[in-house]
**Q** 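Questions regarding the structure given below will be posed in turn.
Below, read A as the first sequence line, B as the second, and so on, with proteins coming before strands; counting in each chain starts at 1.
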Amino acid sequence: MSKKIHVSTTVNGESVEFLCEARQSLLEVLRENLSLTGAKEGCNNGNCGACTVMLNGVPVNSCIVLAVEVEGAAIETVEGLACHGHLHPIQKCFLEGAALQCGVCTPGFLVTAKALLDKNPNPSEHDIRFNLANNLCRCTGYDKIVKAVQAAAAELQTR
Amino acid sequence: MAHANELYLGKQDYQVLGKRPVRHDGTDKVTGKAIYTADVQLPNMLHGKIVRSPHAHARIKSIDASEALAMPGVFAVVTADDFPDLTEKFALMGEAGQVNLTELAANCLAKGKVLYRGHAVAAVAAANVHIADEAASKIKVEYEVLPSVTWVLDAMKDDAPLLHEHLRTDSMGKKADKPSNIAVHLQFEKGNVTDGFQQADVIVEREFRTASVHQGYIEPHAVVALWNEDSRLKLWTATQGSFNCRQQVAELLQIPVSQVLVVPCEIGGGFGGKITVYLEPVAALLSRKSGRPVKMVMQRNEVFEGTGPTPGSFARVKLGAKKDGTLVAGEAWLAYDCGAFPGGMIGPGCMCVFSCYDLPHAKVDGFDVCNNKPKTQAYRAPGSTQAAFACEQVIDELAEKLNIDPIELRLKNAAKEGTRRVDGPVYPRVGFVECLNAAKNSEHWKSKLSGKNRGRGIAAGFWFNIGGASSCSASVNDDGIVCLVEGSTDIGGTRTSIAMQLAETLGIAAEDVRPQVGDTDSVGYTFLTGGSRVTFATGLAAYQLGLDLQEQMKQRAASIWDCDPTSITVDKGVYKQNGHSLTFKQIAAKIPENQLDPVVGRASVAPEGSTNAFGVHIADVEVDPETGKVTVLRYTAIQDAGKAVHPSYVEGQMQGGAAQGIGWALNEEYFFDAKDQMRNASFLDYRMPTCLDLPMIDTIIVEVPNPSHPYGVRGVGETPIVPPPATIANAIHAAVGTRMTQLPMSPPALWKALSERA
Amino acid sequence: MPVVFIPTPMRDLTDGVTEVNVTGNTVGEVIDALEQRFPGIKSRLCRGDKLAPGLQVSIDATMTLRGLRTAVAPASEVHFLPTIGGG
Ligand code: FES
Ligand code: FES
């Protein structure tokens with residue numbers, strides 16, 4: 001068995017340390033070592049976005065990031081979206097807009113949408129579709145997902 | 001038993017149905033807390049990995065696992081030899097009929113021969129996934145490679161490589177005299193087609209081909225198995241039917257069903273592909289051998305190469321009409337592949353090909369054909385999409401030749417109550433005409449589409465609602481909240497649509513019902529989630545459960561008021577008798593105060609299936625003649641939902657099905673090389689639609705009540721995938737004048753068609 | 001008497017007859033009556049005491065999973081169809 005490497009990082013604002021093998025992905029460590037199973041594995045090769053997390057504010061497919069790469073970085077996962085018992089407006093709009101069916105793609109979409117709205121608070125439909133194109137959803141046909149992001153953008157604007 | 005046709009109550013003012021409450025499991029799913037199978041962690045758990053065939057067709061000469069077993073951290077290896085002897089064993093599995101257990105086992109772990117690339121051969125359990133991966137690569141399998149075949153028509157040829165040496169074509173109980181890959185030949189005849197075509201002024205006949213596509217659920221197959229020392233087997237799994245999974249596993253391992261407990265986890269999509277078992281029995285065997293819990297999760301390439309897909313097909317369809325547009329005759333010849341083992345989707349394919357129209361004379365021939373692909377599985381309205389791709393294009397061409405509007409031609413010949421189907425039965429009340437009229441009156445259809453290389457297409461689709469058993473139970477809490485346990489696994493929000501029907505029946509709010517999907521020990525037998533049955537059949541169970549609870553609440557109220565329960569009336573959840581009045585919640589609170597018996601209700605039903613879900617889709621497309629790329633500019637899906645219980649989720653089914661159908665139309669395909677190896681087994685190369693590929697998908701819900709449900713509910717899940725490929729093909733034809741008879745209509749295919757014409 | 005629609009591939013046994021009226025209160029009885037008239041048909045419709053694998057019955061427009069026990073009313077139509085699953 002290969003030797004383990006020590007990594008210190010921040011996950012959802014908390015400092016975290018873990019030991020991992022060099023070959024382990026960030027997704028695997030989040031799910032297996034840190035028990036953060038919100039990010040999902042849909043393809044394990046960077047093509048579906050179900051594993052999306054934010055790495056220093058940028059959405060990444062955590063299945064193709066090596067865990068050792070996150071030394072000193074700040075990671076945000078779906079588990080960190082809601083705060084103090086309140087859903088984030090994006091989560092609320094997904095719920096109210098029925099933007100999920102099976103829900104397995106939802107954590108990835110929520111994180112990607114948050115990254116988009118953080119950087120572009122007033123996106124056009126095309127901006128939304130372009131930025132969400134890294135995430136696959138097989139259930140919804142995306143219609144209600146796009147509308148939920150539009151609704152969340154509107155709600156965040158009024159704050 | 002009341003006749004199924006008499007159940008509709010004719011209610012007009014619903015309190016709960018038709019509203020859009022937030023789904024009960026929603027918060028778990030938007031916070032990442034919902035537990036899917038891959039999220040389950042047990043103490044001391046091992047990880048399993050499958051060894052798969054690199055060949056499309058080969059004899060297994062030997063399997064040597066000694067090197068793998070000698071590795072530290074490796075605990076067990078299993079092969080087909082670990083299954084009990086299943087020779088000549090069949091199991092009756094609900095509406096799937098009798099299942100050949102030898103074949104089911106051989107699909108989980110190959111015996112003697114591998115029949116497709118990706119076919120599972122052995123499995124290993126190890127301390128973690130990485131060791132399991134390494135160990136799997138050290139299991140040595142020696143093969144004798146055999147010739148293979150993946151195109152359905154090639155597999156039907158006399159000199160085709162035979163997958164099963166003893167397979168002889170069955171034509172309704174009559175066996176052919178020599179072996180072939182053709183498992184089944186079906187035939188349906190109505191009237192006399194030869195006479196029929198003689199009455200025709202115009203005849204259109206064309207041939208169509210479709211490639212295999214995958215269901216494409218985002219969650220790969222996964223299971224956690226724990227075979228305990230008391231011989232109890234517990235399975236956490238992603239399945240569309242926990243009871244069907246339990247039965248398959250019990251039969252394959254030859255243990256009593258009650259020894260198996262299936263805990264359905266949240267399921268990340270199924271679409272028909274998560275009904276048959278793949279990993280469950282294998283993980284169980286590994287757990288028994290190692291004495292520890294075993295988790296198995298497929299990688300995406302394994303999902304493509306080892307599960308699904310839907311049949312690749314060939315269809316020849318011929319229709320004849322009079323000058324005024326009246327259809328006089330139809331003929332169809334359909335060949336669908338079923339992959340490695342017999343039993344594909346040809347039955348429903350034959351029954352759906354002409355199901356939208358009233359044809360006085362028709363003949364349909366269908367063939368179920370084995371070839372070297374994974375055993376095909378259901379995919380949303382299985383068999384119907386391929387048939388509609390053919391029939392709806394022929395209808396479109398007839399409309400063009402006759403110079404009749406395509407909606408008018410369909411309206412003139414539309415199936416309605418009293419129409420005799422080609423396969424025999426006569427339709428009850430159905431909503432096809434209403435869907436066509438909704439299309440005709442839609443803003444989309446009335447709008448003008450202009451621009452070069454742009455065109456508009458329309459097509460219809462049909463699917464059944466299967467019946468089958470459903471159970472649920474509920475208890476009433478002191479605070480008036482009703483805890484509902486139902487047996488249908490929830491892939492798209494059905495917990496809520498079932499809870500809403502219970503709430504409607506009781507006259508309480510949807511939020512006051514707390515639904516939960518029970519495991520196989522905690523709820524009565526419930527048939528699988530599929531066949532558009534859950535909101536219809538489990539909804540019917542919820543309705544009857546509501547009546548049971550209401551009756552008990554009346555009795556409790558009668559005890560409180562000291563009166564005869566039959567003298568109590570209930571209206572919108574308010575119980576009244578002779579000046580007394582209590583709400584449901586008030587009675588619930590008084591039950592413990594008055595030391596009355598707790599209220600626990602139950603219902604189980606087994607309704608019959610029906611033939612009743614119609615849809616019509618409209619698409620505007622633009623074709624880029626330089627590249628052959630098709631852009632969908634605008635899309636509208638219209639469907640008869642009977643009664644839309646939760647309109648957002650009905651729309652969601654229509655939009656999701658349409659998107660899958662658009663993917664099937666434009667990009668998705670199993671791409672095989674000369675050695676019958678799939679060359680695009682990843683989401684990068686198997687191109688499913690992203691949100692950038694699609695427009696908004698508008699929906700129009702038509703409500704023609706289903707006579708066999710108290711609230712008129714029809715299943716809606718499957719029909720929406722049926723019309724899209726034909727709709728898009730008709731739109732492409734309108735845009736550039738080229739008739740695309742092959743799926744997918746991908747840029748290279750369309751570009752080729754356009755260049756050949758030029 | 002219920003009317004049975006003979007599946008097309010079985011019309012070799014009925015001399016081309018497509019529909020027949022036979023007596024019977026259940027599908028099982030109907031099949032027995034058919035067998036009287038068209039010997040050999042039962043072994044094509046049934047396996048042992050069950051409907052053959054892959055077959056279901058439709059009484060009028062109602063597809064049923066109850067097999068041979070399904071009740072048949074005097075005015076019913078009886079159809080033998082392939083089973084249908086679903087996704
Ligand atoms: S699991 Fe990481 S992109 Fe699919
Ligand atoms: S909701 Fe199922 S994949 Fe998106």
**Q** Go through the atoms of C/Ser58 and report whether side chain, backbone, both or neither lie under 4.5 Å from a heavy atom of chain B.
**A** side chain
**Q** Would you mind reporting whether B/Phe188 and C/Pro82 have side-chain heavy atoms less than 4.5 Å apart?
**A** yes
**Q** Closest heavy-atom contact between B/Val426 and C/Ala61?
**A** O-CB, 3.0 Å
**Q** Using side-chain heavy atoms (C-beta onward) and a distance below 4.5 Å, is B/Arg421 in contact with C/His79?
**A** no
**Q** Mind listing the closest non-hydrogen atom pair of C/Ile84 and B/Ile466 along with its distance?
**A** O-CG2, 3.8 Å
**Q** With a 4.5 Å cut-off on side-chain heavy atoms, are B/Lys174 and C/Asp12 touching?
**A** yes
**Q** May I ask you to test the C/Lys50-B/Phe90 pair for a side-chain heavy-atom distance under 4.5 Å?
**A** no
**Q** I'd like to know whether CD of C/Glu19 has more than 12 heavy-atom contacts from other residues, nucleotides or ligands below 6.0 angstrom.
**A** yes
**Q** Please say whether more than 12 non-hydrogen atoms of neighbouring residues, nucleotides or ligands are located less than 6.0 Å from CG in C/Asp15.
**A** no
**Q** Using non-hydrogen atoms and a 4.5 Å limit, figure out which bit of C/Leu45 sits close to chain B: side chain, backbone, both or neither.
**A** neither
**Q** Do C/Thr8 and B/Met172 have side chains that get closer than 4.5 Å, going by heavy atoms?
**A** no
**Q** Looking at B/Met351, B/His185, B/Lys190, B/Lys274, which makes the most heavy-atom pairs under 4.5 Å with chain C?
**A** B/Met351
**Q** Looking only at heavy atoms, which two atoms of C/Leu81 and B/Asp423 are closest? And how far apart?
**A** CD2-O, 3.3 Å
**Q** What part of B/Met345 is in contact with chain C, defined as an atom under 4.5 angstrom from a non-hydrogen atom: side chain, backbone, both or neither?
**A** neither
**Q** Looking only at non-hydrogen atoms, find the nearest pair between C/Met63 and B/Asn465 and report the distance.
**A** CE-O, 4.2 Å
**Q** Which atom names give the shortest non-hydrogen contact between C/Asp60 and B/Pro425, and what distance separates them?
**A** O-CB, 3.5 Å
